[in-house]
Each structure stands twice: as C-alpha cells, then as structure tokens.
Amino acid sequence: MAESVERLQQRVQELELELAQERSRRALGGGDGGGGRARIEKMSPEVVDSNPYSRLMALKRMGIVNDYEKIRTFAVAILLLFDYDKVELANMNRLFFQPHQAGLSKVEAAEHTLRNINPDVLFEVHNYNITTVENFQHFMDRISNGGLQEGKPVDLVLSCVDNFEARMTINTACNELGQTWMESGVSENAVSGHIQLVIPGESACFACAPPLVVAANIDEKTLKREGVCAASLPTTMGVVAGILVQNVLKFLLNFGTVSFYLGYNAMQDFFPTMSMKPNPQCDDRNCRKQQDEYKKKVAALPKQEIVQEEEKIIHEDNEWGIELVSEVSEEELKNSSGPVPDLPEGITVAYTIPRKQEDSVPDVTVEDSGESLEDLMAKMKNM
C-alpha cells in the first residue's frame, strides 16, 4: 500500500513537471494555443481593428486606466479551472458549451472553447471535486503556487459554483492562505443573483454571515425535492456573470469603485449594494486570525491628522445684504431629538424618536350661571 502511494505521488510530481514545461513552452510562443490566430508575442497599444486588444487599450487613451502595463499583464494571463462535472444537454441554455461536447468534462470543454477565443491565455484544468479531503490540499497548492509565474500565488479566485459546500471549501482555503476572492451566485428561482468581494480580514467572509442552511448544518441535498430541479435563466446568469467580470476588471486594473457586494433582482430591476465587516465571532478560525493581522497592519500605518475646516458662512457679505438664519434654535433642535440607543461599533442611527411632550394646559374652572341654553343663545344674538 505504501509503495503504491509513493508511486502515485511520484507520478503526480512528474505530471506537474510536464505541465510546468508545457506552460513555459507556450509562454515563449511555442504554439498558437489551438486557436484561430497565432499567439501575440508583444501586445501593441495601437488602436486598430487588426489588434484584438485595441478596445482594451482604448481604456488608457480615454483616461479610465492609468497603468498600461497592467492591461498587458492581465490580458495575457493564466486561468486555472476546477470542476468535476460533465457537460450535459441541459447546460446548453445558459453556458457556452456546444451539443457535440456533451459527455466531456466541463473544464476540458471550457478550455477548448476559451482557447479558440483567446489563444494568448494559458490554461490549467483540474477535473476533480475540490470538497474532498484528498483534493483539497492540491487545490490550495495550486492557488498559492499556480500564478503566471510558477511558485507565485494567483491574483484572484472566482467562485462560480452552485452549492454551499463548494463555497465553504473555497472560503476555508482562501482564509487560510489570505487569498482575495470573489463569490457569485444565482438564486434557485433564477430571478436574482449577487456578487461579493472577500478580502480575508478586511471584509466579511462567507462564514461570517452564513445562510441558514450552512449555519444550521443542514445537508442541502436533503432539501431537493424529487422531480424538481433549480430553474435556470440565461439572462439572469448573463447579467450576474457580466457584473462579476466587470468587478474583476475594476479590481485588477484599479479603476472605478470595486463593489464588496452587489445584488440583482430581476423582478424589480433592483441592484442593492453594501459592504460587510468581518464577524469577530466567525466560526472560521483563520478568518479571525486574518482579522487580527489586518488590525495590526492598520494600526501600523501612520495616522493622518484630521484638519477640521471652519464652516463657511454663506452670504455673509453680498450686495443685497441677505443673511441665512436657521429657523430652528439649538435648544429646539436638542429638544426635538430623542435618546441615542447603545449600538455596536460601526453602526449609527439615521434619526432618533423625540420624547413625547405633554402639552401643559392650565386648569380653568367655569362657574355655572344657571342660565339655560335658550337664554345663552338669545344673549349671543343680541351681541
């Protein structure tokens, strides 16, 4: 048994060596990647129709992206693909697979299609389940050593999975490695979705605020009803995928505002956005460890002195002699505000409920004159 394990480990090392040699050969231009055009040895900043990257290079000329070298770096990249599933005809409505690829592993079919689209990208495919114990360590190894330069970590991990077990696996690996990643998903009814940027220690990880299924430790397989499968709309998936890739570009090329969380509700065309701080009581110990390291890093930064500028008085001097005066005095404003509740750090109230003030009306006693209603009405007519 021990000998067979040693042989397998040796074989794995040989295959990884062959893979590294093949990647080096392709990086030096030793093949066209199987696409319809030759690999580009040197990217040109010229904006012409014959340059496949001209539209991307236009980002610099338009002033959106400042660093031209970053465009070059991330245009010629390496993609590591992980999946254990096979292509089925049911996948045709929403993915770029083609009917003749049915039966192939999804990573193999994806590599073939993507290589034809862009032969400049290097691919490394792994057809296995990342959630198993025997594959998890190799999955982590490729994240930490599978960058464009062998031995360097990847720039970003993208999660495009359809179950919580795989999400938690990616979350665990990235927390342990301190690896930034983006999570994405579409709801079971296919009319909403979201993307989330996770920076270990700085923002909430997937375990900081887990779904009920994860928090209650429920086996999600038991929730599936017989004869009922999750809905799938290519439009919703296309929108979420587009938002995810847009966020990736902004993150890698450093332009615009990178969203920590962005949702999409197709029923109401609603795009909620927010950022979540990490949970100090997160169940993932590596998440708590990353939080401590991030706090130390922030504390080590030089503190910037906050200079409070005096509020400028508007219209103090003008040719019309107009002055702006508040209609509410400081005392009235204070009286109209209610008590501020004791809240955790980082949470504030938008407004307070003022205290109820009972109107103080003096008691007035009216003596009974003994006159009837008719007499009183007669007096009013004579007035």
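What you see is a predicted model; the values in this text were computed from it and never measured.
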Pair Thr131, Thr169: side-chain N/O donor-acceptor within cut-off below 3.5 Å:
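Looking only at side-chain atoms, Thr169 and Thr131 do not form any donor-acceptor pair under 3.5 Å.
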What's the shortest heavy-atom distance between [X] and [Y], and which atoms?
X	Y	result
Phe206	Arg167	CZ-CD, 3.6 Å
Thr236	Ala190	OG1-O, 2.7 Å
Ala207	Asp284	CB-CB, 4.4 Å

Listed by chain and number, what are the side-chain hydrogen bond (donor to acceptor under 3.5 Å, both in side chains) partners of Ser144, not counting sequence neighbours?
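With neighbours one apart ignored, the set is empty.
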Residues which pass side-chain hydrogen bond (donor to acceptor under 3.5 Å, both in side chains) with Glu134, listed by chain and number, not counting sequence neighbours
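Partners of Glu134 by the side-chain hydrogen bond (donor to acceptor under 3.5 Å, both in side chains) criterion come out as none, since no residue qualifies.
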Sidechain-backbone polar pair: Asn91 side chain, Glu88 backbone, donor-acceptor under 3.5 Å
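Pair found, side chain donor or acceptor close to backbone of Glu88.
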Does [X] reach the side chain of [Y], with side-chain heavy atoms less than 4.5 Å apart?
X	Y	answer
Leu244	Cys160	yes
Phe97	Lys106	yes
Phe251	Thr180	yes
Lys250	Asn247	yes
His194	Glu183	yes
Leu177	Met140	yes
Val121	Leu114	no
Tyr264	Asp269	yes

For the side-chain contact (heavy atoms from CB on, under 4.5 Å) test, which of Met276, Glu202, Met274 pairs with Phe260?
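Going through Met276, Glu202, Met274 one by one, the side-chain contact (heavy atoms from CB on, under 4.5 Å) with Phe260 is satisfied by Glu202 alone.
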Count the heavy atoms belonging to other residues, nucleotides or ligands that lie under 6.0 Å from CG of Asn382, then report whether that count exceeds 12.
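Yes - once you tally the heavy atoms of other residues, nucleotides and ligands closer than 6.0 Å, there are more than 12.
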Can I get a per-line list of side-chain donor-acceptor pairs under 3.5 Å for residues 77-87, giving both atom names and the distance, sequence neighbours left out?
| from | atom 1 | to | atom 2 | distance (Å) |
| --- | --- | --- | --- | --- |
| Asp83 | OD1 | Asp85 | N | 2.9 |

